[in-house]
Amino acid sequence: MRRMFCFATFAVAACLIGTVSVAADESRKVNTLVIHADQGKTTIDRNIYGHFAEHLGRCIYEGIWVGQKSPIPNTRGIRNDVVAALRRIKIPVLRWPGGCFADEYHWRDGIGPRGKRPSMVNTHWGGVTENNHFGTHEFLDLCKQLGREPYICGNLGSGTVQEMQQWVEYITLPGVSPMADLRRANGRRQPWKLKYFGVGNENWGCGGNMTAEYYADQYRRFATYVRNFGDNTIFKIACGPYGENYHWTEVLMKQCKDKMSGLALHYYCGTGKRSRSATQFGEIDWFHQLHRALRMDVMLAKHGEIMDKFDPKKKVALIVDEWGAWHDVEPGTNRRFLYQQNSLRDALVAGVTLNIFNRHCPRVRMANIAQTINVLQAMILTDKEKMIVTPTYHVFEMYAVHQDATWLPTELNAADYRFDGNKIPGLDVSASRDKSGKIHVTLCNLDPNRPAELSCQLIGAKADRISGRVLTAAEMTAHNTFRQPENVKPVEFKDYILGDPFIHVTLPAKSVVVLEIE
Ligand code: AHR
């Protein structure tokens with residue numbers, strides 16, 4: 001019955017596409033979406049779905065590295081459950097070792113027999129002693145087990161040019177050299193392939209408190225010695241701005257554009273307005289969080305405009321190598337370990353942010369959510385031998401279909417989600433066509449109270465079949481726990497009608513939906 005009703009409603013809606021005027025009651029407005037399947041030109045770089053793992057709290061130690069003698073099943077010290085879970089979401093690239101840690105890290109402390117490695121104090125993250133058991137070899141082994149690309153961030157803040165130069169030589173030089181010989185002495189005969197290398201992290205802050213002008217000079221100097229050895233070519237990534245610091249982008253583009261392949265932007269969308277808790281919050285916090293997440297769109301547009309001025313052919317990639325929500329830590333945990341829970345609200349943050357990245361794919365070619373395990377907006381939480389995946393993990397799994405697909409431009413005309421005199425768009429979308437010709441549309445309904453009816457028109461393709469999955473829950477604070485690990489997980493989505501020429505969809509309140517159209 002309901003379906004029949006929807007169809008009748010949509011039949012009227014469909015006729016109005018393009019001409020509908022904003023209804024007095026926004027919530028009853030007909031939402032329309034046009035997908036230009038005839039216009040796709042740009043590939044959505046799979047690296048937009050990248051991740052970041054820092055020596056911070058329980059991300060590396062416990063989350064990834066448990067050591068070979070651990071009762072937790074592992075391969076050469078790396079947790080098997082975590083590797084399998086990350087492979088399921090097709091993790092494309094992993095950034096390491098920081099973060100702020102990167103500019104205090106001296107790579108030579110993390111090679112050679114583990115028992116002989118010197119320890120250090122992780123001053124930035126809780127003053128804990130770091131035993132350096134997880135170093136270059138272990139990280140590159142992890143990437144091999146994941147089957148994807150490493151992205152190493154070098155130390156410009158407290159390191160030397162020589163140290164950075166030698167790290168790249170150690171990893172990539174095939175012939176005879178002091179560093180290649182040292183690598184061989186440590187058990188690795190062949191060089192590794194290393195493409196992505198960051199020349200410092202947040203050098204406007206924890207990476208040395210530099211001005212843009214000073215960092216630009218330092219970047220030019222350090223990057224000169226980040227060499228290509230053999231057939232290995234490094235994609236050099238300069239530290240970019242935080243958020244709306246457009247001056248930094250301007251200076252870096254002006255002074256370094258010919259010396260870099262990527263410029264790294266960081267932006268965290270914070271937490272709620274009244275509550276900073278990851279799981280105990282109200283609608284004011286839901287609204288505020290999503291409002292801040294959507295600012296990413298404006299920032300990418302503005303940084304992109306500046307980059308276009310210096311680089312109209314878009315040779316330099318904009319890389320958002322840290323992003324995500326940042327809540328208070330879970331009660332009773334170390335404040336500097338940044339261990340937070342992850343709710344349906346975080347899933348919506350991930351859903352809209354990944355849609356935004358997809359829509360900016362001509363310039364944005366990598367992004368790394370912070371952070372993979374047990375830190376900030378994590379994919380995975382662990383408690384000794386136990387492991388659960390978060391709502392954000394499920395969004396990455398649902399969106400993996402966009403990796404390396406052709407981005408399809410969309411026109412969305414949607415009712416606003418209004419709260420307390422403010423408003424944000426009620427819906428968010430991105431679409432792509434994969435190599436086999438299937439079209440995928442990822443949709444977010446940001447309104448926690450109202451379902452949204454959407455009439456979609458596909459231009460340049462015919463839909464014969466459709467299927468979908470949805471991630472939602474009864475409560476906006478819903479999350480997974482070690483006792484209830486499947487509280488929030490995607491299920492089959494059936495609330496659509498495949499009409500001709502319109503596809504009619506009813507998106508539940510506070511949901512993320514992926515549609516597959518053949
Ligand atoms: O991801 C946590 C921290 O946030 C990183 O170390 C730093 O780069 C950023 O400020």
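When a ligand or atom number is given, it counts from 1 through the structure's own listing order. The structure presented is a predicted model; accordingly, all values stated were derived computationally and were not measured.
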Show the atoms of ligand 1 that are less than 4.0 angstrom away from any heavy atom in Glu202. 7 (C), 8 (O), 9 (C), 10 (O)
Counting from 1, what ligand 1 atoms have a heavy atom of Gly99 closer than 4.0 Å? 5 (C), 6 (O), 8 (O)
Side chain to side chain contact (heavy atoms under 4.5 Å, CB included) filter on Asp217, not counting sequence neighbours, yields Gln255
Please tabulate, one pair per line, all N/O donor-acceptor pairs under 3.5 Å involving side-chain atoms of residues 379-389, not counting sequence neighbours.
unit_1 : atom_1 : unit_2 : atom_2 : d
Thr382 : OG1    : Asn374 : ND2    : 2.8

Can you sort out which atoms of ligand 1 are near Leu376, meaning under 4.0 Å from one of its heavy atoms? 1 (O), 2 (C)
Minimum distance, heavy atoms only, to atom 9 (C) of ligand 1: which one of Glu322, Gln377, His124, His55 is it? Glu322
When you check the side-chain N and O atoms of Glu202 and His266, is any donor under 3.5 Å from an acceptor? yes
Can you find a heavy atom in the side chain of Leu94 that is under 4.5 Å from one in the side chain of Phe52? no
If you measure every N or O of Trp326 against every N or O of ligand 1, does any of those distances drop under 3.5 Å? no
List every atom of ligand 1 that sits less than 4.0 Å from any heavy atom of Gln371, numbering the atoms from 1 in the order shown and giving each element. 1 (O), 2 (C)
Which of the numbered atoms in ligand 1 are under 4.0 angstrom from any heavy atom belonging to Phe52? 1 (O)
If we set the cut-off at 4.0 Å for heavy atoms, which region of Trp323 has an atom near ligand 1: side chain, backbone, both, or neither? neither
Within ligand 1, which atoms have a heavy atom of Asn201 less than 4.0 Å away? 8 (O)
Between Cys100 and ligand 1, is there a nitrogen or oxygen pair with a distance under 3.5 Å? yes
Which label fits Tyr267 and Tyr242: parallel for a plane angle under 30°, tilted from 30 to 60°, or perpendicular past 60°? tilted
Are Thr136 and Trp167 linked by a side-chain donor-acceptor pair shorter than 3.5 Å? yes
Using 30° and 60° as the class limits, which term best fits the ring planes of Phe134 and Trp96: parallel, tilted or perpendicular? perpendicular
of all protein heavy atoms, closest to atom 1 (O) of ligand 1 is Tyr268 OH, 2.8 Å
Trp125, portion touching ligand 1 at heavy-atom distance under 4.0 Å: side chain
Under a plain distance cut-off of 3.5 Å, with no hydrogens placed, do Asn342 and Thr392 share a side-chain donor-acceptor pair? yes
Heavy-atom pairs closer than 4.0 Å: do any link ligand 1 to the side chain of Phe101, the backbone, both, or neither? neither
Within the structure, does His266 bring an N/O atom to less than 3.5 angstrom of an N/O atom in ligand 1? no
So do the side chains of Thr75 and Asp141 get within less than 4.5 Å of each other, counting heavy atoms only? no
